[in-house]
Number of protein chains: 2
Amino acid sequence: MENSKSEAKSMKVTIYDIAKKAGVSIATVSKVINNTGSMRESTRQRVLEIMQQLNYQPSVMASALMGKKTETIGLLVPDISNPLFSEMARTIEDRAHDQGMSVIMCSTDDNPEKEKKYVELLQRKQVDGFIVGASFHDKSLLQELIDNNIPLVMLTQDEPSLDVSKVTVDDFKGGYEATSHLLFNGHQNIAIIAEYAYSSNLRINGYRAAHEVYGAVSKEEYIYRTTASILNGKKYFDKLFSRQDVELPTAIFACNDQLAIGAIQAAKEKGLQIPNDVSIVGFDDTILATTTVPGLTTIAQPIKTMGEKIVDVLIKEIKAGKSLKERFLYNPELIVRGTTNVFNEGTVDKQ
Amino acid sequence: MENSKSEAKSMKVTIYDIAKKAGVSIATVSKVINNTGSMRESTRQRVLEIMQQLNYQPSVMASALMGKKTETIGLLVPDISNPLFSEMARTIEDRAHDQGMSVIMCSTDDNPEKEKKYVELLQRKQVDGFIVGASFHDKSLLQELIDNNIPLVMLTQDEPSLDVSKVTVDDFKGGYEATSHLLFNGHQNIAIIAEYAYSSNLRINGYRAAHEVYGAVSKEEYIYRTTASILNGKKYFDKLFSRQDVELPTAIFACNDQLAIGAIQAAKEKGLQIPNDVSIVGFDDTILATTTVPGLTTIAQPIKTMGEKIVDVLIKEIKAGKSLKERFLYNPELIVRGTTNVFNEGTVDKQ
DNA sequence: TTGAAAGCGCTAACAG
DNA sequence: CTGTTAGCGCTTTCAA
């Protein structure tokens, strides 16, 4: 009635089972698991074999208890169902798995209570490090992690008050390029629908800078702020086009693809032709930018590159045991599709 | 030089610290943590207070080692960046967090090697249960989990060979409704672009059944299979429209939104008008269905409801310690937008 | 080269 | 009502 065969019963097989069957001590088994210490090659082989036979999987829990890593990272983003973040998440997940780590995702909804809850949860789960994406409101929570020397890196959020490693796109340049493209093509009245995020400040600065360079005036009345969603894109487009006090804009620079799509939809509903009556530029270059007709002209972030880099940076810091405070700034790229009329330049990829 | 104040130093505070400071034993502290046993109310309060003061977070690792749950679930889907799954994931995440659990996500890419790798990884991390979404090729891996009595539920995948709880949409009915809508509106030549998935078999059956009911003939030449992507939607649309041996279809039923969008793009490129020259119906009703112009007529899955249900079922099974083998079948709903012409019926939500 | 033993932070009897 | 104690599965000195 004993399970003397290699057919492990249902009970989880532990380091003790391996040790007994191999006729060695658990210390020895531990050494072969971790590839530490030295021993007779034949011993190592025997243990290895038995581990195979019994399909032994060392418990991450137990080793984490002993101060080893959990090989898990926490990913905090505003909303994983937002295409920008789901695309980022996919890259992050792949890169992490390549290095033997898994990722727990948490959508904060820009809600400080959820932020707190998730940070604490992830700490209880003893994640090896955090990736914080796009926006995080309760800075003090993050500062506390930093103070406790818990690896933390920021993606797509160049919040100056936090002194950690960051991977971002050059938001200023992105804003500048989007606006230049529009100015270059003859638009004088360009509105901007931005987000309540640090990145949007930078993009707005780029927008203003472009105006200066082109000798145009950027009107404060054209600058709106909201949160990312198609609905808000619609709403703010309508607001913009129902004002009496300023000239109607002929172009919109939306600070992300969702807002841009909302603007497209609102324009269509108003019977405006795109790009002739109104041109629209988005930001991010998510899948959404390719599914509209006409395709959305947008500023591309190198999502894949950034996702991979942020994982690499985090893992490096986890190994180093301290923040390296590196900053990586990537170039945005203007992708011209059908929502702007083009008399020139730019990467043309019309669909 | 002692940190006698409530200002916990950097070392993690443990159950011992609480016990010492409260002047009780760790057993007592453990009891208040888990709300077990009984004790003087004043004692409980005192301990609770100190836990607050020291910002004590019980280690999930340590309690998991003792056989408690890890409060983590593993989510396996083909690709988290696919809007259907990211929207599902969002719902799942929220529902799980509501009940104190977090989710580790893994994208399998329909690749059996990744499937194996992730299942093993999640086991090492001792997840309390698995949610397997949409498609999973190596059935034996799942069967092994089931045999080991590890909670496992399936979402959107009514694979008959696995006897576990399932939450799915009624794929047959969805296929039937999509096709009926087209037949009812006068189409006789309706092609279908399906996936290599069990759900697609069912949708194809519905497609055939609708033909029978309407006294139409469903031609095998109109049935294509591929994997979900915009590119494949385009590709198969082109294939369909370059055949000489059958009449050109006047309508396409694509088994998911991505394929449908590819078809829309291909149609536009060919200069075909939608819905007049060709009508298109999708499946899923993801965000993609709302961003195209015209909006995509599609079969909606109740993503939120299903996501919540699958979590509830899994958690119930985790608590029960065994599979309940429940099946939940949800009604799909036809959402009529602009890619089909309507002479009648259906939920109209044109944009 | 190997193993005995002392924990990691927590839970769960079992005594007191 | 409360504390003592024996582990959970693993890592890591330190001796042998």
Side-chain angles (χ1 to χ4, degrees), chain A residues 8-48 50-51 54-72 100 120 123-128, chain B residues 8-48 50-51 54-72 100 120 123-128:
Chain A
K9 272 284 185 37
S10 89
M11 266 305 297
K12 207 172 174 331
V13 11
T14 74
I15 198 171
Y16 288 97
D17 302 321
I18 306 297
K20 192 194 293 179
K21 187 145 190 205
V24 297
S25 74
I26 59 166
T28 302
V29 177
S30 178
K31 275 170 201 151
V32 355
I33 293 170
N34 298 291
N35 232 303
T36 54
S38 59
M39 70 189 66
R40 206 174 302 146
E41 187 53 26
S42 62
T43 310
R44 177 184 304 284
Q45 285 310 324
R46 185 153 35 91
V47 172
L48 242 21
I50 303 209
M51 283 178 11
L54 266 47
N55 191 25
Y56 169 63
Q57 310 277 15
S59 157
V60 176
M61 300 295 132
S63 73
L65 233 204
M66 284 301 297
K68 305 285 265 197
K69 300 293 172 225
T70 52
E71 289 165 5
T72 306
E120 286 180 355
Q123 275 193 278
R124 285 188 353 109
K125 300 228 161 140
Q126 234 172 289
V127 296
D128 297 335
Chain B
K9 271 285 184 35
S10 91
M11 265 306 297
K12 207 172 173 328
V13 11
T14 75
I15 198 172
Y16 288 97
D17 301 323
I18 306 296
K20 192 192 294 180
K21 185 144 191 208
V24 296
S25 75
I26 59 166
T28 302
V29 178
S30 178
K31 276 170 202 152
V32 356
I33 293 170
N34 299 291
N35 231 302
T36 55
S38 58
M39 71 189 65
R40 204 176 304 147
E41 187 52 29
S42 63
T43 310
R44 176 184 304 285
Q45 286 310 325
R46 184 153 35 93
V47 172
L48 243 21
I50 303 212
M51 283 177 13
L54 267 45
N55 191 24
Y56 169 64
Q57 310 278 15
S59 157
V60 176
M61 300 295 130
S63 73
L65 233 205
M66 283 302 297
K68 304 287 264 195
K69 301 294 173 228
T70 52
E71 290 164 2
T72 307
E120 286 180 354
Q123 275 194 277
R124 284 188 354 109
K125 300 226 162 141
Q126 235 172 290
V127 295
D128 296 334

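Below, each value reflects all heavy atoms present in this structure, side chains not excepted, and no hydrogens, waters or symmetry copies. Just so it is clear: chains get the letters A, B, ... in the order the sequence lines come, proteins before strands, and each one is counted from 1. Predicted model only: the values in this text are computed from it and were never measured.
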Next on the checklist: Would Thr72(A) and Lys125(B) count as a side-chain hydrogen bond (donor to acceptor under 3.5 Å, both in side chains) here? Give the steps.
Outcome noted: CA-CA 9 Å; Thr72(A) 306; Lys125(B) 300 226 162 141; 3.2 Å; yes
Whole-Å distance, Met51(A) CE to dC10(D) C1', equals 13 Å
When rounded to whole Å, the CD to P distance for the pair Gln126(B) and dG9(D) reads 9 Å
Protein heavy-atom contacts under 4.0 Å, written 5' to 3' over nucleotides 3-16 of chain C as B (base), S (sugar-phosphate only) or - (none), form the string BB--BBBBBB----
Sorted by chain and residue number, the side chain to side chain donor-acceptor pair (under 3.5 Å) partners of Thr70(A) (sequence neighbours excluded) come out as Asp128(A)
The reported gap from CG in Asp17(B) to NZ in Lys12(B) (rounded to nearest 0.5 angstrom) is 9.5 Å
Worksheet item: With no hydrogens and no angle check, is any side-chain donor or acceptor of Arg46(A) less than 3.5 Å from a backbone partner on Ala22(A)?
Response: yes
Check: Do Tyr56(A) and Ile50(A) pass the side chain to side chain contact (heavy atoms under 4.5 Å, CB included) test, and can you show the C-alpha distance, the side-chain angles, and the key distance before you say yes or no?
Finding: CA-CA 8 Å; Tyr56(A) 169 63; Ile50(A) 303 209; over 6 Å; no
